Amino acid sequence: MTSGQQLRLYNSLGRRLEDFTPRGASAGTSEVGLYTCGPTVYSFQHLGNMRPYVFSDTLRRVLRWKGIGARQVVNITDVGHAVADSDTGEDKLEVAAARERRSVEEIAAFYTEDYFDRMAALNVRPADAYPRASEYVPQMVEFAARLSEKGYTYELPSGLYFDTSKSPGYGTLALLDLEGQREGARVEQVEGRRNKSDFALWRAEEPGSRRVMRWESPWGWGAPGWHLECSVMSMALLGEHFDIHTGGIDHRELHHVNEIAQSEAYLEDGQPWVRYWLHNEFILLDSEKIAKSAGHTLRLADLEEAGYHPLAYRLFLLGGHYRSQLDFTTAAMDAAQATLRRLVSRVAPLRPLPSVSTLEEARALVPAGDVPSREGGASREGTAAAEYISRLDAAACSDLATPTILATLQESLRDPAVPEAGLRVVVAAADALLGLRLGDLELREVEGRRSASDLAADEVERIERLVAERTQARKEKNWPRADEIRAELDALGVQLTDTPSGPLWELR
Ligand code: AMP
Ligand code: ZN
């Protein structure tokens, strides 16, 4: 039996943990379709923006671990996203082009490239497709035209609107109640709009003004509404129905609500358009959501400049569950960098790690069950690694519990009952899920950004005291205490070397 635990995911649609059953299980196809709302490429992505992609990468890793192949599509929004997520405002790309005195194409190309660079630095595996909204406008026009034919829309001078009162289940994802249903969230006043939650499918040019990015449509020259691209591009690349849709938690309230409304109106087949909706919570800075609109610009490049490894940020993200808010602080980053450094220095002597990406592969390398020892009888060694593999599986299947995966990996590395060959498999298995590049990351890449001379006097005092205490414990042959202190020093990023003239310490 190698299938392990049942994979369970928290579905925002219904707000509960559910067994994950791929559509293909009944349709006879083996790949899961996964759509992730991607970046709006009008400026650099900030630290908070990194989370949805590390999260969806983790989801793919877990699917792979369970032997489930996935086809992932991440859209690049290079047109249609108006400032403040509104229906009538200026396009974010056009505003950026004017600000930076560059063409919208240059803006999009530059920030898309930067996004790809950051993804690579975070060891996020490339998606199977990155469709650009600007390349799908004719299909968006066709989609909107079909909604029009079916009677779901009405036209105003400002564009073509989706009438949400025609959508029976409107707002289910956001738990909008019946009264609130047509109120919608954070939407601006639009002259003539029938319900507050109605949204633009097509944003017509105002008389006398001319957009930079403009297309002709049955509703005049203009540009598509923001929500349209995700419905159109996901269906074009994954089929009309697919398994999983992901994005940041803010999308649960508006963007995804509208995607569902227009897609189900378009399909009209009585089926839910997408079965599983997964959302990551926010990264906070000083108790506030990191947001471009709030002027937050802290990005991965800033962390790298400050001496942190990008994978330390990945580790910081994985140290929290994707559905929990996470406070970004320097102390948390320091701790993440120190943990990564410790992991790499502990794992380096075990290399090369075997190639493992699925539970089945891990189990084949570490047979479960007792292994007969040379002396006869059964040894615990055979089962210890297999137990850790099962625990990794249980954590992964429990709605991607990355903090537990991390803790299990750390525990295995301290456990004397796991023989080296088994430990190699456990580490490779954990890293198949975590993606921290434990198989090849060099220690010098994650070396401390601080040297002893950067330490405050009281930090130095504390380290010196611990070193002296350890020397004393060793003199008294109190090995457990000496080891304990060494571990504590290790946690502080202190490397100890015992020399004939006494212990020397330095920061790693
Ligand atoms: P955008 O490029 O603004 O369209 O945002 C890209 C993704 O980042 C979306 O899925 C957002 O929900 C997500 N996001 C934005 N701010 C944060 C944050 N502070 N923490 C986590 N995710 C965020
Ligand atoms: Zn989207």
Side-chain angles (χ1 to χ4, degrees), residues 12 34-57 59 72-85 91-93 95-96 107-108 111-112 114-115 118-119 122 124 127 130-133 136 140 173 185-186 199 224-238 242 244-263 273-274 277-300 313 316-317 320-328:
S12 295
L34 166 63
Y35 187 88
T36 297
C37 282
T40 307
V41 286
Y42 71 108
S43 68
F44 290 118
Q45 299 288 301
H46 57 60
L47 283 179
N49 294 137
M50 302 288 110
R51 195 178 204 188
Y53 313 113
V54 169
F55 151 58
S56 64
D57 183 56
L59 174 60
Q72 186 185 26
V73 174
V74 178
N75 63 302
I76 304 287
T77 301
D78 60 355
V79 65
H81 200 163
V83 286
D85 297 346
D91 197 288
K92 288 186 180 188
L93 265 289
V95 173
I107 292 285
Y111 291 115
T112 304
D114 185 74
Y115 166 76
R118 301 305 151 203
M119 291 302 108
L122 287 169
V124 168
Y130 291 101
R132 267 77 169 167
Y136 280 80
M140 292 189 225
L173 179 70
R186 57 193 180 104
F199 55 92
W226 171 40
H227 312 295
L228 202 48
E229 63 169 285
C230 289
S231 292
V232 169
M233 299 195 295
S234 63
M235 286 194 206
L237 296 164
L238 296 170
F242 53 93
I244 312 176
H245 198 313
T246 70
I249 191 88
D250 47 341
H251 289 344
R252 190 184 70 187
E253 311 306 318
L254 178 74
H255 177 51
H256 289 169
V257 166
N258 292 344
E259 275 189 46
I260 292 174
Q262 68 198 5
S263 298
W273 172 45
V274 174
W277 290 83
L278 273 57
H279 294 103
N280 63 275
E281 255 295 352
F282 287 140
I283 302 297
L284 309 181
L285 187 67
D286 298 331
S287 310
E288 254 185 56
K289 173 199 170 191
I290 303 186
K292 281 174 233 174
S293 50
H296 294 141
T297 52
L298 195 59
R299 56 197 186 99
L300 198 62
Y313 186 64
F316 159 76
L317 291 177
H321 187 261
Y322 75 90
R323 280 194 292 117
S324 303
Q325 293 188 337
L326 202 54
D327 279 306
F328 177 83

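In each ligand, atom 1 is the first atom listed, and ligand 1 is the first ligand listed. Bear in mind that the values here come from a model prediction, so they are computed numbers and not experimental data.
Each of the atoms 21 (C), 22 (N) of ligand 1 lies under 4.0 Å from some heavy atom of Asn280. Of all the atoms in ligand 1, the ones that sit under 4.0 Å from a non-hydrogen atom of Pro39 are 2 (O). Short contacts between ligand 1 and Lys289, defined as distances under 4.0 Å to a heavy atom of the residue, involve ligand atoms 16 (N), 19 (N).
The aromatic rings of Trp273 and Trp277 are tilted relative to each other, their planes meeting at an angle between 30° and 60°. Between Phe55 and Tyr322, the angle of the ring planes stays under 30°, which puts this pair in the parallel group of the 30/60° scheme.
At least one heavy atom of Glu281 sits closer than 4.0 Å to an atom of ligand 1. Contact analysis puts His46 in contact with ligand 1, with a non-hydrogen atom separation below 4.0 angstrom. Contact annotation: Tyr53 has at least one heavy atom less than 4.0 Å from an atom of ligand 1. Residue contacts with ligand 1 include Pro52, since one or more of its heavy atoms lies under 4.0 Å from the ligand.
Protein heavy atom at the shortest distance from atom 12 (O) of ligand 1 is Asp250 OD1, 2.5 Å. When only non-hydrogen protein atoms are considered, atom 3 (O) of ligand 1 lies nearest to Lys292 NZ, 3.7 Å. In terms of protein heavy-atom proximity, atom 21 (C) of ligand 1 is closest to Gly48 O, 3.1 Å. Shortest contact from atom 9 (C) of ligand 1 to any protein heavy atom: His251 NE2, 3.5 Å. Annotation: atom 20 (N) of ligand 1 to nearest protein heavy atom, Ile283 N, 2.8 Å. Scanning all protein heavy atoms for the shortest distance to atom 10 (O) of ligand 1 gives Gly248 N, 3.1 Å. The protein non-hydrogen atom at the shortest distance from atom 19 (N) of ligand 1 is Ile290 O, 2.9 Å.
Distance check, rounded to the nearest 0.5 Å: OG of Ser43 to CG of Asn49 gives 7.5 Å. For the atom pair OG (Ser234) and NE2 (His245), the distance works out to 5.5 Å, reported to the nearest 0.5 Å. The line from CZ of Phe328 to CD1 of Ile283 is 9.5 Å long, rounded to the nearest 0.5 Å. With rounding to the nearest 0.5 angstrom, the CD atom of Glu229 is 12.0 Å from the CZ atom of Arg132. Atoms CG and CD1, from Leu284 and Ile290 in turn, are 7.5 Å apart once rounded to the nearest 0.5 Å. Here the CE atom belonging to Met50 is positioned 7.5 Å from the OH atom belonging to Tyr115, to the nearest 0.5 angstrom.
Rounding to 10 degrees gives 130° for the angle at the Zn ion (ligand 2) between SG of Cys37 and SG of Cys230.
Residue-level proximity to ligand 1 for Asn49 is carried by backbone and side chain together, each with a heavy atom below 4.0 angstrom. Looking at Gln45 against ligand 1, only its side chain comes within 4.0 Å, counting heavy atoms. Contacts of Thr77 with ligand 1, taken as heavy-atom pairs under 4.0 Å, are absent altogether. By the criterion of a heavy-atom distance under 4.0 Å, neither the backbone nor the side chain of Tyr42 is placed next to ligand 1.
Checked by atom type and distance alone, the side chain of Asp286 never pairs as donor or acceptor with a backbone atom of Glu288 at under 3.5 Å. Of the possible donor and acceptor atoms, one in the side chain of Arg51 sits under 3.5 Å from a partner among the backbone N and O of Glu281. Of the possible polar contacts, one joining the Asn75 side chain to the Gly38 backbone as a donor-acceptor pair under 3.5 Å is found. Checked by atom type and distance alone, the side chain of Tyr313 pairs as donor or acceptor with a backbone atom of Leu47 at under 3.5 Å.
Looking only at its N/O/S atoms, His255 has NE2 as the one nearest to the Zn ion (ligand 2).
Taking only nitrogen or oxygen atoms, main chain and side chain alike, Thr40 reaches within less than 3.5 Å of ligand 1. Checked by distance only, ligand 1 and Phe282 stay at 3.5 Å or farther apart across all their nitrogen or oxygen atoms.
When each of Leu278, Thr36, Val124 is checked for a side chain to side chain contact (heavy atoms under 4.5 Å, CB included) with Ser56, only Thr36 meets the rule.
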